[in-house]
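Data first, discussion second: the structure below is written as structure tokens.
Sequence lines set the chain letters: A, B, ... in the order given, protein chains first and strands last, and positions in each chain run from 1. Because the structure is a prediction, the values reported are computed rather than measured.
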Protein chains: 2
Amino acid sequence: MATMQDVARLARVSVSTVSYALTGARPISQATRAKVLAAMAELDYQPNAMARGLASRRSRILGLLLPMDERGLGATETAFVTGAAAAASAAGYHLMLSPIGVGDLDELRRLASQRMLDGALLMEVQLHDPRVDVLRELGVPLVLIGRTADTDGLSYVDIDFDQTVRAAVGHLVDLGHRRIVYVNHSADTLAEGYGPALRTRDAFTAAMTGHGLEPLMIPAEDSAAGGRAALATALRRAPDLTAILAMNESAVFGLLGELATRGRSVPDDVSVVSMVTSPQVAELATPALTAMSSPGSAVGRIAIETLLRHVDAGDGQINQQLMPCALEVRGSSGPPRTEGKPTEAARRRAATRRRA
Amino acid sequence: MATMQDVARLARVSVSTVSYALTGARPISQATRAKVLAAMAELDYQPNAMARGLASRRSRILGLLLPMDERGLGATETAFVTGAAAAASAAGYHLMLSPIGVGDLDELRRLASQRMLDGALLMEVQLHDPRVDVLRELGVPLVLIGRTADTDGLSYVDIDFDQTVRAAVGHLVDLGHRRIVYVNHSADTLAEGYGPALRTRDAFTAAMTGHGLEPLMIPAEDSAAGGRAALATALRRAPDLTAILAMNESAVFGLLGELATRGRSVPDDVSVVSMVTSPQVAELATPALTAMSSPGSAVGRIAIETLLRHVDAGDGQINQQLMPCALEVRGSSGPPRTEGKPTEAARRRAATRRRA
DNA sequence: CGGCTCAGTCGAAGCGTTTCGACTAACCGC
DNA sequence: GCGGTTAGTCGAAACGCTTCGACTGAGCCG
């Protein structure tokens, strides 16, 4: 493995000149630079990351603090990660994967104190997330994907839940729905202070009230069974419901299954709109889900770019960014059934069946 | 940030003594060790990872080479990653996430040449995976999750597709099915040399032939639409099919949807068994999928442990390990419909409906 | 033309560890 | 009581880079 010494020797210049040619920290003449680059190419030189990190006190490593439970990553979160990975790689940085949740603060403290991280990207952020305090205390620049309750002096990229819920409710109201139930994440998740669950809850209340409608929210466990249970609860508490808005990607499948089992057709009897869902997942359901489509890898990319600005500029300015979700109408939403006359969607499906 | 110097000064010993007390590379008396540890605690000392890496020529970082496409990570792959992350962390190692596929060999070469990786874990391995050659050439220890065609001198952990397919086919044959169709990954994926697709194809042929049955495989795009299309093809080529074995997690949902659309009930008209599927995903479907359940995080853990053995022992012995998938019978499989008399599953479901 | 600035280069001092050789004392067997 | 281990400690030399201060000419201004 060639070192900078070797390159310097071969190019007949000093080590520092090689370094400057490589980093551009000081001006180097064209001729010298060419000699150096030629030597590097000949020796297949690659700078040693550890030595560089030690001398420059910059590791060029960013931490990706991603708590991973057994549920796996949804397409939405995976898109965040790929976006982040691509952006980091493009900037010459590396991503260190640390499945550190709010539980292992000691682990986080250790990692950050080892000066291995130039900055950190926090995922699965909770409203009161102690990881933020730890990193701030240790002087590690950070950016959130999601956001805490108090975002003072913090950069973040998050989904605009307010806009998303408003658009989804608006879509259903436009179709003529009045009795809309919101299926959220579980009660535990809410109690824990999981931001998206709380923010969508409030946004739903606001949106429904704004339309002069009564908001009804049902928490559901993150599983098919949770969705089934939620549907049962929903039908008990609002037997006349005609539409369901679902935040919970796992539950929505159980919910659809239970609707089918009970002989309620989608969208004729009940419309279903899924929140923050990737197209791929929306298409899995039958009928394909009308959904608010998550902004995808852009979130991760912007978060990394913001983080790098903090890292380089010694805490540049704060960037707080909310990304909208776009309404994508598919087969799971339609006008509510009107007494006597079949809906447009029903006619369409009948036609399809005849063709088949 | 305290350095080893500070600790040494406070404990009134030399720097090297502190180092030995920390790493245990040489014997240190109880008394001295205690003094050193006390000083460390008082100063909140954490060794600098870069300095340590430079001096020891070991970064304590393992690369996780995980190509990530837009599809997202399934629960199965996520489990591999969490298992790997946990095992690495337990051993005091860090995991560097590099979304490097067979495409970016230069990127990989650069990463590995920077001496930033003590070893690498390759995921999404293809039968002829050039990443293996690059890493071997650069002397980076590696372990595969999955395996190449030629596994000579390579350690890997993979799913035992042979056993898995045999068990799944066996389950269906035991139920009385004779006409079983296998829905695999896409033709492109097969052509690309994706191991699981090829291995299950061959295993399916062998298993069916072993039972004296005719094997029929249908490739399907990794999407709901792909599953729907595959079902259409399957019904055209084998109108009398009574069971489907599916490798393709995305396609299986489209397949179920299309079966429902066509009025074929599962499992009475058609049994469906999903391969290498996590319980969470299997439960999402209605009815819940009978599946070969993936071994989960154990795969990642074993892979990391093997990798660390190679890293420490300077290429210890090769470890090639196949992990079985367990059959988990749920609602999507049952005996084929027999002329005239309703199946057991049909009776059960009728009873359920009455109760509801 | 004397004094400036500035591009271009060099040497050397770190950065914070690990690790090697050397040294001392204590301990062993005989 | 003598060579030979061995436990325990120290000092110093790496490890491979960045970065600072200093030096040299060349170009420029008045």
Can you give me every donor-acceptor pair (side chain of residues 40-54 of chain B, partner residue at least two apart or in another chain, under 3.5 Å) with its distance?
from    : atom 1 : to      : atom 2 : distance (Å)
B:Asn48 : OD1    : B:Met50 : N      : 2.8
B:Asn48 : OD1    : B:Ala51 : N      : 2.9

Please list all pairs passing the salt bridge (Lys or Arg N to Asp or Glu O under 4.0 Å) test where one or both residues lie in residues 8-22 of chain B, with sequence neighbours left out. B:Asp6-B:Arg9
Let me have the donor-acceptor pairs involving side chains of residues 144-152 of chain B, under 3.5 Å, with sequence neighbours excluded, atom names and distances please.
from     : atom 1 : to       : atom 2 : distance (Å)
B:Arg147 : NE     : B:Asp158 : OD2    : 2.7
B:Thr148 : OG1    : B:Asp150 : O      : 2.9
B:Asp150 : OD1    : B:Asp152 : N      : 3.0

DNA chain D-proximal residues of residues 14-24 of chain A, any heavy atom under 4.0 Å: A:Ser16, A:Ser19, A:Tyr20, A:Thr23
B:Ile159 side chain reached by B:Leu322 side chain, heavy atoms, under 4.5 Å: no
Sequence neighbours excluded - salt bridge (Lys or Arg N to Asp or Glu O under 4.0 Å) pairs with any residue from residues 107-116 of chain B: B:Glu107-B:Arg110, B:Arg109-B:Glu137
Does any non-hydrogen side-chain atom of A:Leu142 lie less than 4.5 Å from one of A:Leu121? no
Sorted by number, residues from residues 26-43 of chain B placing a heavy atom under 4.0 Å from DNA chain C are B:Arg26
Of the options B:His310, B:Gln321, B:Gln320, B:Gln317, which is the one that meets B:Ser155 in a side chain to side chain donor-acceptor pair (under 3.5 Å)? B:His310
Enumerate, atom names and distances included, each donor-acceptor pair closer than 3.5 Å involving a side-chain atom of residues 22-30 of chain B, sequence neighbours excluded.
from    : atom 1 : to      : atom 2 : distance (Å)
B:Thr23 : OG1    : B:Ser19 : O      : 3.0
B:Thr23 : OG1    : B:Ala25 : N      : 3.3
B:Ser29 : OG     : B:Thr32 : N      : 3.3
B:Ser29 : OG     : B:Thr32 : OG1    : 2.7

So do A:Leu111 and A:Leu117 actually touch side chain to side chain, heavy atoms under 4.5 Å? yes
Among all residues two or more places apart in sequence or in another chain, which pass the side chain to side chain contact (heavy atoms under 4.5 Å, CB included) test with A:Arg57? none
Tell me, which of residues 52-63 of chain A have any heavy atom that sits under 4.0 Å from an atom in DNA chain C? A:Leu54, A:Ala55, A:Arg57
Considering only heavy atoms of chain A and a distance under 4.0 Å, specify the first and last nucleotide of DNA chain D in 5' to 3' order that meet this criterion. D:dG16 to D:dA22
Tell me which donor-acceptor pairs under 3.5 Å the side chains of residues 88-104 of chain A have, and how far apart each pair is, sequence neighbours excluded?
from     : atom 1 : to       : atom 2 : distance (Å)
A:Tyr93  : OH     : A:Arg58  : NH1    : 3.1
A:His94  : NE2    : B:Gln114 : NE2    : 3.4
A:Asp104 : OD1    : A:Gly101 : N      : 3.3

Between B:Asn48 (CG) and C:dC15 (P), how many Å, whole number? 11 Å
Tell me, please, which residues at least two apart from B:Arg301 pass salt bridge (Lys or Arg N to Asp or Glu O under 4.0 Å). B:Glu305
